[in-house]
Amino acid sequence: MEGERGYIIGGVAAASPIWLAPLAGVTTETYRSLHARLGAALVHTEMISAAGLSHKNGKTARMIGGSISIPTVLQLFGPDAETMARGAEVALEIGRFGAMEVNMACPMPKVAKKNGGAAMLYDPAESCRMVAGLKRFGLPVWAKIRKTEPRRHPLSTEDFCAALIEAGTDLIVVHGRTPAQRYDGVSDKGIVTSLAAKFPGMISASGDYYAPDDAKEYLDGGCVSVLAARGAMRDAFLIPKTLFALGFPAEEKYLNMSPADQINLLAETGREAVKAEGERFALVMARKLLTGMLKGVRGAACLREDCASSRDWISLEKTLTAFAEQSEARE
Ligand SMILES: Cc1cc2nc3c(=O)[nH]c(=O)nc-3n(C[C@H](O)[C@H](O)[C@H](O)COP(=O)(O)O)c2cc1C
């Protein structure tokens, strides 16, 4: 639903339907802040273990991070409705969220083994109990699922969605790959848009969003929002480009940033990461961000190699600054 202050989607007010997906090991507080700045209207935490939270595990609790200016969705996984509710209770003591989301999509064995992620697609009854159990906190409750397989899962994707909606789910993010596909092959956009037609206002899209036209296809097909995942990792400016291409409010300064400005943005984000998540993570994040920045810029490949061998933040930042100065001198 579109209103004066943007959209109400899944019970959450957002300025646009272009959002950042949950990405384990990536969507930390700093990465979320960067994408909020670049124009994402809503961000997700990484998936967080409800069991870890319920045991007040400090490392797990740190994944929640601080609050930012746009809605943040807390994503939780496994192992059962009671633990999930206990985990949510702890999370709500620490952070502020626009919605809570149950991860029913992660295909990785370390999550499925703990009865989380895509393992939930085998257990519609427990999935519905998880949703119903979270409703008592008064926030919108979302689910993120994958396409199911007829011979493997008890319910079709459509029937699974219907059951979740019946249990009180406010929004379902559908990733059009089966768990067996993991992250390979093509994501089935057709099933996502056919579910959007079947359940108007309830389906958000994930899968193979690499260019503004992919987001347009999902939105034209009736999806209420689209999540940028690997697309935003490969091109850090995918979200502002999409906003601009589809006519949503966008900050023009992020559309054609000079190499020096991109480097400054990266260095600033890295410094924040050193403070919020520690130097080791900041180095990893800066290298990941570099793969999605400076596209087509002369010398960028060498810069990426140089940064890969930096052992601390000071030397990585020096390498970045030297590159920015050289490219400014060339301009
Ligand atoms: C590195 C990585 C980490 C991910 N972590 C999560 C996660 O924590 N929770 C989740 O629901 N999905 C996770 N996903 C799945 C993405 O949110 C998204 O649904 C998927 O990548 C499909 O979109 P894409 O084809 O546009 O990348 C992850 C994907 C990647 C590549």
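Read the numbers this way: they start at 1 and go in the same order the structure lists the ligands and their atoms. Being a predicted model, the structure only gives us computed values, none of them experimental.
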Side chains of T28 and E46, donor plus acceptor under 3.5 Å: no
May I ask you to check if ligand 1 and R177 share an N or O to N or O distance below 3.5 Å? yes
What about A229: any of its N or O atoms under 3.5 Å from an N or O on ligand 1? no
Nearest-0.5 Å distance, OH of residue Y254 to CG of residue L265: 6.0 Å
What pairs meet the side-chain hydrogen bond (donor to acceptor under 3.5 Å, both in side chains) rule with one or both residues in residues 290-307, with sequence neighbours excluded? none
Do K114's NZ or CZ and the ring of F77 fall within the cation-pi criteria of under 6.0 Å and 45°? no
Do ligand 1 and A24 have nitrogen or oxygen atoms that lie under 3.5 Å from each other? yes
Close approach, S187 and ligand 1, non-hydrogen under 4.0 angstrom: no
Of all the non-hydrogen atoms in the protein, which one sits nearest to atom 27 (O) of ligand 1, and at what distance? R230 NE, 2.7 Å
Taking salt bridge (charged side-chain N to carboxylate O under 4.0 Å, His left out) as the cut-off, I'd like each qualifying pair that reaches into residues 8-37, sequence neighbours left out, listed once. R37-E268
How far is atom 9 (N) of ligand 1 from its nearest protein heavy atom, and which residue and atom is that? Q75 OE1, 2.8 Å
Between R129 and D80, does any NZ, NE, NH1 or NH2 come within less than 4.0 Å of an OD or OE carboxylate oxygen? no
Between ligand 1 and L227, is the shortest N or O to N or O distance under 3.5 Å? no
When you compare ligand 1 with D208, is there at least one nitrogen or oxygen pair between them that comes in under 3.5 angstrom? yes
Check each heavy atom of M47 against ligand 1 and say whether those closer than 4.0 Å belong to the side chain, the backbone, both or neither. both
Does N103 reach ligand 1, in the sense of a heavy atom lying below 4.0 Å from it? yes
Check: H153 ring centre within less than 6.0 Å of F160 ring centre: no
Starting from atom 2 (C) of ligand 1, what is the nearest protein heavy atom, named by residue and atom, and what distance separates them? L23 CD2, 3.8 Å
If you group Ile, Leu, Val, Met, Phe, Trp and Tyr by side-chain heavy-atom gaps below 4.5 Å, do L219 and F244 land in one group? no
Within less than 4.0 angstrom of ligand 1, does H44 place any heavy atom? no
Subset of ligand 1 atoms that lie under 4.0 Å from at least one heavy atom of A21: 17 (O)
Checking K253 against D261 for the salt bridge (charged side-chain N to carboxylate O under 4.0 Å, His left out) test, could you report, in this order, the C-alpha distance in whole Å, the side-chain angles of both residues, the deciding distance, and whether it holds? CA-CA 10 Å; K253 68 176 176 192; D261 286 345; over 6 Å; no
Near Y209, which atoms of ligand 1 are under 4.0 Å from a heavy atom of that residue? 26 (O)
Ranking K144, H175, K288 by closest non-hydrogen atom to atom 16 (C) of ligand 1, top hit is K144
Quickly, which of E101, K144, M100 forms a side-chain contact (heavy atoms from CB on, under 4.5 Å) with V73? Name it, please. E101
